[in-house]
Amino acid sequence: MSTTSTQILHHATIFISEILSQSELRHFLLSALCCKIPPRDQNTVSLAAESLENAISTTTPAIRSSCLRLTEQLLLSNPENPFSLFLLSLIYSLCDQPINAALSLLHIFQIDPSLARSEIAPVLFEELFLVHLLPVLQWFNEQRSAILSSSTSNSDYSNEVLLFDDDQSVVLPCTKVLSKMSEGQALELKELESNFEEVLDENCRVLVKYFNRVLENTGGNKPIAIPPLKLKNHEKGGKIKHRDAEKIKTDELGILKNGRYNPIWAEGERSDEFYSSSSASKSKSPPSYPQRVSPEILTNRKSFRSLKASPSPSLDSELESSLDDISASSSSSSSSSSSTESEAETEENNKKMALFEPRQKQIKKQKWPISAESSCRVPDRLMADFDNLPGGGKHTPPKDFVCPITSNLFDDPVTLETGQTYERRAIQEWLERGNSTCPITRQKLQINKLPKTNYVLKRLIASWQEQNICSVPNQSENPQPESEPNMKSVMPSSSPNSVISQATIDGTMSELRLAITNLCMSEVLKESEMAVLQIERFWQEANMDVDIHSMLSRPAVVNGFVEILFNSVDPRVLKATIFLLCEMGSKDKDVIQTLTRVDTDVECIVALFKKGLMEAVVLIYLLRPSTASLVEMDMVDSLLKVIKKQEGDSLQMCLKPKTAAVLLLGQMLGSGEESIGSSMANTLISEKMIENIVCSLGADWAEERIAAVGILLRCMEEDGKCRNTIADKADLAPIMDSFTGASDAERFEIVRFLSELVKLNRRTLNEQVLHIMKEEGAFNTMHTLLVYLQTALQDQCPIVAGLLLQLDLLVEPRKMSIYREEAMDTLISCLRNSEFPTAQLAAAETIMSLQGRFTSSGKPLTRALLLKRAGLGKSYQSLMRMEQLRNIPGESEETTPQEEEKAADDWERKMAFVLVSHEFGLLFEALAECIKSRYASLCSACFVSATWLIQMLNVLPDTGIQGAARVCLLKRFVSIFKSAKDVEDKALSLLALSVFIHEPEGLCDLTSSMKEIMKGLRELKKLSPLASQMLKVFCKGSGSCSQDFWNHKELVQVDCSENGEVLSIACFKDKIFSGHSDGTIKVWTGRGSILHPIQEVREHTKAVTALAILQPGERLYSGSLDRTTRVWSVDNEAMHCVQVHDMKDQVHKLVVANSISCYVPQGAGVKIHSWNGGSKSLNTSKSVKCLVLVRGTLYCGCHDNSIQEIDLATETLSTIQSGSRKLLGKANSVNALQVHNGLIYSASSPLDGAAVKIWNASNHSMVGSLPTVLDVRSMAISSELIYLGCKGGIVEIWGREKNNRVETLQSSKNGKVNCMTLDGNEEVLVIGTADGQIQAWGLS
């Protein structure tokens, strides 16, 4: 069979990888090779080896690359030797050049084959070369056999030699053959061995050239023929072609345990005995074939040599004579004994040997009686023609019981379609290596899957092993000698010497033996099934003094039970079989080893379980399968059926099926595969199995309780809604009792379970569960947790401390508590230990969860509740709505929502007091350090925890802790407030800062960052009322410095005088719209400090006097003196007119609503125009100058300085300010009106001392005024400021809180301010003037 480049690279890479990964092996090989090179080259290669070690040990890629490059150049510049080639192969492998590495390694076999195969790479020699050298080994075997064939027995030694023939393969004492040799034969043998070494060397070089050609043929374009091997014997040389070599049968050559060829074995250390005592010394180079071990070592081997029964009587007699001589040398008595062995005994043994010969390529089932007697003496049953020598003798297994590949007794025999039988694992490996033929017959195999186990052969082997127990090495890892069963009475007896009682014993034991024999040997299934039922009845009735177990636990009997499982369909028989195997397996590990030795046996048991044989789950558990195997078995549904089933009058097994099912399910859920665990947990929840698992929390066996804890914990983590069911049904006392005797890992799982269990969405239930934990159980729970806390791992401590703190807090906090102090110290130390980020995160999350409010799925509500308190209640409200939807209709609640809220508030207050009071606020310092962490999850958890605790300082007694919190956290919260991109984070930091501004020290500390904070507050004021409250506090506390907080910077000024006056202006999103006196409407967008015109339309024929935005519909309405109102779509890039309304009159001012518009006409009154086409006039007795529409109420400012309020629904008119006569011939008209937060602002000339007056919209009383001396023509109002556009291009800015002037802006000096507006964020003011200027200022 040809070798591919893939195979060469695979074996070479594995070999080199092992050398690189094992420094000790590498140093050993380098030391050995250093002795093989000339002294002149040793300095160079030593330097190269040292440089290579530096490259391997370094972690810097650049240094490694440099070292490897220099070492390669150094080695290539010196003569080739095994040492340098070996180093080059390692270098090329590290440089990711596998082909060069393999070529260097193979080159060693070229220049020194003997050294390569014996010291450097013997494994590589076996993997690549030996398979091609089978003809050479066969040639050597034939030549050696020819030399030794004429030997006679005259000596007495203990060495052995292995003879091969076409029909036989036996082990003979080596020195007996030597005693028959002449001196010439010994010389021939010596010469043969020398020739053998030379042939191996030469053929290694031939194969190296072949492998090189294979590697160079990377594309596989041309086939590479296997070169002929070179053979040479002591008479004549010759060659053998490879196609002839393939005809050699591997069973005639012998196979190593690993499946490779087993060459002839010779005693290496005594090879000089083949020569004369005065002749040559041993060969300098060691033989390439494995050396034969001494008889003492061979006696302890766990494998058997494959022997064939000789068809030749002469050879049999000669062999018997030789072996008899060896017996005689051991003792004189044994010599006489061996000489008296009768020929009849030999004939009988030969007959028994024939029982194991194949008949028509199929082994017949033999009925071997199973005796209860011990077989430790040497039996005279079979193979009597051999003595009990190592490797051969009376008890050497028959050839058909031994795998031709492994040379061991069959464990799991499988018979192929060619009629040959192999060990399952060995033939599986043979096929996985790419072979597709039978190893012996070389016939093409058509199978895709190996056949089932040959149970007939397996049973015969087990029977043979029992009869030859003393001579057969035990292949199990834990050998257990069989003991002779105690032949005491099965039934109670009044007299131990009773003849009747003894007769009963004999009869019962005879029945048992007969049942066992029928089980193992009967070819009638019904007889075997009846035998199982008899054995099961005998087991149930037997007294414990009778050692039935030793009779039933033998491999032959166990295999008989397994065969019943394969073939029987009777449920009663199957249950009895499972019961017996469980009983025996629970008492004897050897039974379990017998069952697990063959994979198909386990598969059969699993298949029966999945088909409904629930008792089989106990046996599956006893087999202790790996977690991966359990997952592959896919038996979750079957396990759930067992757990759900009510326990009936089933067999009293060593373990309850439900217990075994819970244990297996716990093992599967504990696997590292997240997806598998998640799927199983969801299955448990969907199948409503939680209550069944909860029952196991009170089981008698602690292991089952702990497994149930793990299962329920996984379910709570997957779907927390099952937490309520567990808390309602669970009996926690047995769990607390299990804690003391559990392992550390199991203890932590129990603590996690209890911690998760008190995350219920009802505070009263949480406290009830905590009371149960504290009071139930045989031990003091808090003391037990305290002791465990002192020994727990770093990342486990926070969860233990959190649970201990909750238990301690069930009563009002005392002045001193050792549990609380220890728990708090642990939480703080974990927070500060930056070397364990997982422990820091666990501590932060534990503190956050101590707030005490949770969703139904067990998630903390701390963040959502704080956002609600900060004014962003949407998140909390949506969570509460979801909780209401999840609540089961009709579910009875013992407490009202008000009682639950009160209990939650009380718990929150007590817990916060304990946390902040420890060591005078030491926790704040730890939280401040963690907020700076680079881990986002840790930073977030600490941020929320710190916000909660600071916010709680408002409701806790003032003990001075607020000062400590301010020192530790104020700057951090200011930094977060200024830099946070997320609105929620800004709101949380705002909530914490709101606590500090109510004290003078806190407000003083905030002064340096006041401007940045004010900017953030203005952004949040629309979302959070708290921001508006803080703005008021800052304004009140700022005093005379308030002007420093308001600073407007001019952004842009544009000259539009060519279009006349700017009569109207409006802002929508990022666009500015201006209406001009020539009928033009312009659209602008602001980029940097420049207004860029993006569109200009002129569809009105006269001045555009009013622009109004209707927000929901994203429409712009323009009123004009051309008696039309146009509707514009402004949601797209380009503005376009979508509708034109004929107003029948000039439009001087315009306000719009969804269905109507109100405008000031040329004459008196106000006109109401319906978009459907109708119109009517109101307030016709007044000449209106300006108007404002707010939620169905129209406010009108008139030329006579009066202000009216009109309810459009009822058309009711009321007067806010009465009109006045003209003063000095001048009309004092109301030029502008604005309504904001329930206040009406009117602007006019300052003739009566107050240009701006402020009215209460509800009772029409005047509540204030702005004493400006300027003539106000337009007005805009924000949350904090009042902007007044005056004559002469002046803009005054007043504070709303104190009605004080804070800033004055100067626009154009030539014209009055006709119109002004603010953008949506109230940060940009845009005005239009009478001289055609548009100007913008930004609040900075």
Side-chain angles (χ1 to χ4, degrees), residues 356 363-372 375 397-398 400-403 408-415 421 423-425 450-469 472 474-476 479-480 482 512-513 515-525 527-532 534-536 539 548-568 573-574 576-585 587-608 616 619-620 622-623:
F356 298 98
I363 301 176
K364 295 289 186 180
K365 185 174 181 180
Q366 306 296 325
K367 293 189 178 183
W368 290 94
I370 299 176
S371 172
S375 56
D400 296 296
F401 287 6
V402 177
C403 174
N408 287 342
L409 273 177
F410 281 120
D411 228 7
D412 187 4
V414 290
T415 302
T421 304
E423 179 65 32
R424 181 182 294 276
R425 291 184 178 88
L450 292 178
K452 292 184 178 180
T453 302
N454 188 336
Y455 280 99
V456 176
L457 178 58
K458 185 174 180 179
R459 208 162 50 242
L460 290 174
I461 295 171
S463 180
W464 181 87
Q465 284 180 300
E466 291 174 4
Q467 298 168 21
N468 299 274
I469 189 71
V472 177
N474 193 346
Q475 294 178 334
S476 66
Q480 182 175 350
E482 295 185 43
L512 177 61
R513 291 193 193 95
I516 295 174
T517 302
N518 287 339
L519 169 67
C520 298
M521 297 303 160
S522 176
E523 295 183 356
V524 180
L525 178 61
E527 290 182 6
S528 298
E529 290 178 335
M530 292 302 298
V532 170
Q534 290 174 352
I535 296 170
E536 188 264 335
W539 181 282
I548 310 168
H549 176 76
S550 62
M551 301 172 66
L552 296 178
S553 60
R554 295 176 180 176
V557 183
V558 174
N559 290 331
F561 284 125
V562 173
E563 196 164 352
I564 288 294
L565 295 179
F566 269 101
N567 297 306
S568 179
V573 174
L574 292 173
T577 305
I578 291 293
F579 167 75
L580 290 169
L581 289 174
C582 290
E583 292 295 303
M584 293 186 295
K587 296 178 173 63
D588 190 351
K589 292 182 180 179
D590 286 345
V591 174
I592 300 300
Q593 284 184 338
T594 303
L595 290 171
T596 56
R597 197 169 291 164
V598 181
D599 294 338
T600 51
D601 291 355
V602 180
E603 293 170 1
C604 172
I605 298 168
V606 173
L608 289 173
L619 186 55
I620 295 173
L622 293 174
L623 295 177

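Hydrogens, waters and symmetry mates are skipped; everything else that's a heavy atom, side chains included, is used. Here the structure is a predicted model, which is why all the values come from computation and not from measurement.
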(request) Ignoring hydrogens and angles, tell me if any N or O in the side chain of Glu423 forms a donor-acceptor pair with the backbone of Asp411 under 3.5 Å. (result) yes
(request) Mark yes or no for whether Asp588, through its side chain, and Met584, through its backbone, hold a donor-acceptor pair below 3.5 Å. (result) no
(request) Show the numbers, then the answer: is there a side-chain contact (heavy atoms from CB on, under 4.5 Å) between Leu565 and Leu581? (result) CA-CA 11 Å; Leu565 295 179; Leu581 289 174; 3.9 Å; yes
(request) Under the salt bridge (charged side-chain N to carboxylate O under 4.0 Å, His left out) rule, collect the residues that match up with Glu583, sequence neighbours excluded. (result)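 Scan of Glu583 (salt bridge (charged side-chain N to carboxylate O under 4.0 Å, His left out), adjacent residues dropped) gives Lys587.
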Report the distance from atom [atom1] of [X] to atom [atom2] of [Y], rounding to the nearest 0.5 Å.
X      : Y      : atom1 : atom2 : answer
Trp539 : Leu580 : CH2   : CG    : 7.0 Å
Phe579 : Leu574 : CZ    : CG    : 15.0 Å
Met530 : Ser522 : CE    : OG    : 12.0 Å
Arg424 : Arg597 : CZ    : CZ    : 14.5 Å
Leu512 : Gln534 : CG    : CD    : 9.5 Å
Tyr455 : Leu457 : OH    : CG    : 12.5 Å

Quick check: closest heavy atoms across [X] and [Y], and the distance to 0.1 Å?
X      : Y      : result
Ser568 : Glu529 : OG-OE2, 2.6 Å
Thr596 : Leu623 : CG2-CD2, 3.7 Å
Ala515 : Ile535 : CB-CG1, 3.9 Å
Thr600 : Phe566 : O-CZ, 3.5 Å
Leu519 : Ile564 : CD1-CG1, 3.7 Å
Val532 : Val573 : CG1-O, 4.0 Å

(request) Check side-chain hydrogen bond (donor to acceptor under 3.5 Å, both in side chains) between Thr594 and all other residues, then give those that pass, not counting sequence neighbours. (result)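 Partners of Thr594 by the side-chain hydrogen bond (donor to acceptor under 3.5 Å, both in side chains) criterion come out as none, since no residue qualifies.
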Flag the pair [X] / [Y] as yes when at least one side-chain heavy-atom distance between them is below 4.5 Å, and no otherwise.
X      : Y      : value
Ile461 : Lys458 : no
Leu622 : Val591 : no
Thr453 : Pro413 : yes

(message) Run the side-chain contact (heavy atoms from CB on, under 4.5 Å) test on Leu619 and Cys582 for me, step by step, so that the C-alpha distance in whole Å, both residues' side-chain angles and the decisive distance to 0.1 Å come before the verdict.
(response) CA-CA 5 Å; Leu619 186 55; Cys582 290; 3.6 Å; yes
(message) Please verify the inter-ring angle class for Trp464 with Phe401; under 30° counts as parallel, over 60° as perpendicular, anything in between as tilted.
(response)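 Ring orientation, 0 to 90° scale: perpendicular.
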